[in-house]
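What follows is a single structure, written as structure tokens, with notes after it.
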Amino acid sequence: MSGNFILIVGPMYSGKTSELISFVEIYTLGRKKIKVFKPIIDDRYSSEYVVSHTGTKIKAIPIKHSKEMYEYLDYDEKAVFVDEVQFFDEELKDVILDLIKKGINVYCSGLDLTYKNNPFNTTILLSAYADEIIKKKAVCHECGEYNGTISFKIVGNGSEIDVGGFEKYIAVCRDCYEKLVAEK
Ligand code: ADP
Ligand code: TMP
Ligand code: MG
Ligand code: ZN
């Protein structure tokens, strides 16, 4: 039977990684075999752990290209987890479709939008194939409402690929985002 593909999206601080870790716990508590991957570029808190902003962490295999997942898989895993999918190449979609065809459940999480309010291509591509999309919100850093959907960069500008945390980004609602962009 085909596996399920669950995708968790949202802005920074919306709890994507925490939710991914909760799913990992369900499998590990049930003594199920799993593999967790993350992009090697994400060395924000650790290069060998998936780490949430609250500090919860789980061991992960850092890889550069999505096809490298094949080097680590035994194909008897019940589920495969990938955090920060926005940093991966679009071939991640083919790897995921291959895994679910083999009956492995796949859980991914990542940003849907860049701080410039553009879609992250790999995440959006994956969303077309997901069986379930869990869209998370953050508390808006400006107005305090629980409607934060966009990440805003508080320092500099430049590349839409720029690893960082509280020192570089805040999560805001659409209205506050517009105001901040107008002020910048
Ligand atoms: P993500 O992977 O989406 O960036 P994490 O799961 O790593 O999110 O972290 C979520 C945690 O971040 C929350 O449980 C909360 O403790 C903390 N946090 C910090 N800032 C905010 C915010 N603006 N809105 C919601 N949670 C926040
Ligand atoms: P997070 O969603 O788990 O907080 O992590 C998002 C990562 O993506 C973090 O390292 C910052 C980075 N990032 C970008 O590279 N470009 C962007 O436009 C945004 C919003 C975040
Ligand atoms: Mg995260
Ligand atoms: Zn707001």
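One-based numbering, in listed order, for ligands and for the atoms of each. Computed from heavy atoms alone, side chains included, the values below leave out hydrogens, waters and symmetry copies. Residue numbers count from 1 along this sequence.
Backbone and side-chain nitrogen or oxygen atoms of Pro11 are examined, and none is located within less than 3.5 angstrom of a nitrogen or oxygen of ligand 2. Annotation: Glu160 places an N or O atom under 3.5 Å from an N or O atom of ligand 2; distance criterion only. Inclusion of Asp42 in the set of residues having an N or O under 3.5 Å from an N or O of ligand 2 is not warranted. The N/O atoms of Lys16, backbone and side chain alike, include one that comes under 3.5 Å of an N/O atom in ligand 2.
Among the atoms of Ser109, no N, O or S atom is found under 2.8 Å from the Mg ion (ligand 3). At least one N, O or S atom of Cys176 sits under 2.8 Å from the Zn ion (ligand 4).
A centroid separation of 6.0 Å or more is found between the aromatic rings of Phe152 and Tyr115. Between Tyr27 and Phe81, a ring centre-to-centre spacing shorter than 6.0 Å is recorded.
Using a 4.5 Å heavy-atom cutoff, the side chains of Ser14 and Lys137 are not in contact.
The existence of a salt bridge linking Glu91 and Lys67 is confirmed by a sub-4.0 Å separation between a basic side-chain nitrogen and an acidic carboxylate oxygen.
Both the backbone and the side chain of Thr114 come within 4.0 Å of ligand 2, judged by heavy-atom distances. Within the 4.0 Å heavy-atom criterion, neither part of Lys153 lies near ligand 2. At a heavy-atom cutoff of 4.0 Å, ligand 2 is contacted by the side chain of Leu111 but not by its backbone. Of the heavy atoms in Phe120, only side-chain atoms (C-beta onward) come closer than 4.0 Å to ligand 2. When non-hydrogen atoms are compared, ligand 2 lies under 4.0 Å from the side chain of His53 (C-beta onward) but not from its backbone.
None of Asp89, Leu97, Val95 except one satisfies the side chain to side chain contact (heavy atoms under 4.5 Å, CB included) rule with Lys93; the exception is Leu97. Looking at His65, Lys64, Glu48 one by one, the single match for side chain to side chain contact (heavy atoms under 4.5 Å, CB included) with Ile40 turns out to be Lys64.
Taking the six-membered ring where tryptophan is involved, the planes of Phe87 and Phe120 are perpendicular, since the angle between them exceeds 60° and thus also 30°. By the 30° and 60° cut-offs, the orientation of the rings of Tyr13 relative to Phe166 is parallel.
Short contacts between ligand 2 and Ile161, defined as distances under 4.0 Å to a heavy atom of the residue, involve ligand atoms 15 (O). Of all atoms in ligand 2, numbered sequentially from 1 with element shown, those under 4.0 Å from a heavy atom of Gly164 are 9 (C), 10 (O), 11 (C). For ligand 2 and Gln86, the ligand atoms under 4.0 Å from any heavy atom of the residue are 6 (C), 7 (C), 8 (O).
Nearest protein heavy-atom contact of atom 15 (O) of ligand 2 is Asp162 N, 2.7 Å. Regarding atom 20 (C) of ligand 2, its nearest protein heavy-atom neighbour is Ser151 CB, 3.4 Å. Looking only at heavy atoms of the protein, atom 18 (O) of ligand 2 is closest to Tyr115 N, 2.8 Å.
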Check the pair Val155, Glu167 against side-chain contact (heavy atoms from CB on, under 4.5 Å), reporting the backbone distance first and the verdict last.
CA-CA 8 Å; Val155 287; Glu167 76 292 356; over 6 Å; no
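A donor-acceptor contact shorter than 3.5 Å is absent between the side chain of Lys101 and the backbone of Ser2.
Angle SG (Cys140) to the Zn ion (ligand 4) to SG (Cys143): 100°, rounded to 10°.
Stacking of Lys57 on the aromatic ring of Tyr49 is recorded, both the 6.0 Å distance cut-off and the 45° axial limit being met.
Within the structure, the closest approach of Glu84 to ligand 2 falls below 4.0 Å when heavy atoms are considered.
Between the side chains of Ser109 and Asp83, at least one donor N or O sits under 3.5 Å from an acceptor N or O.
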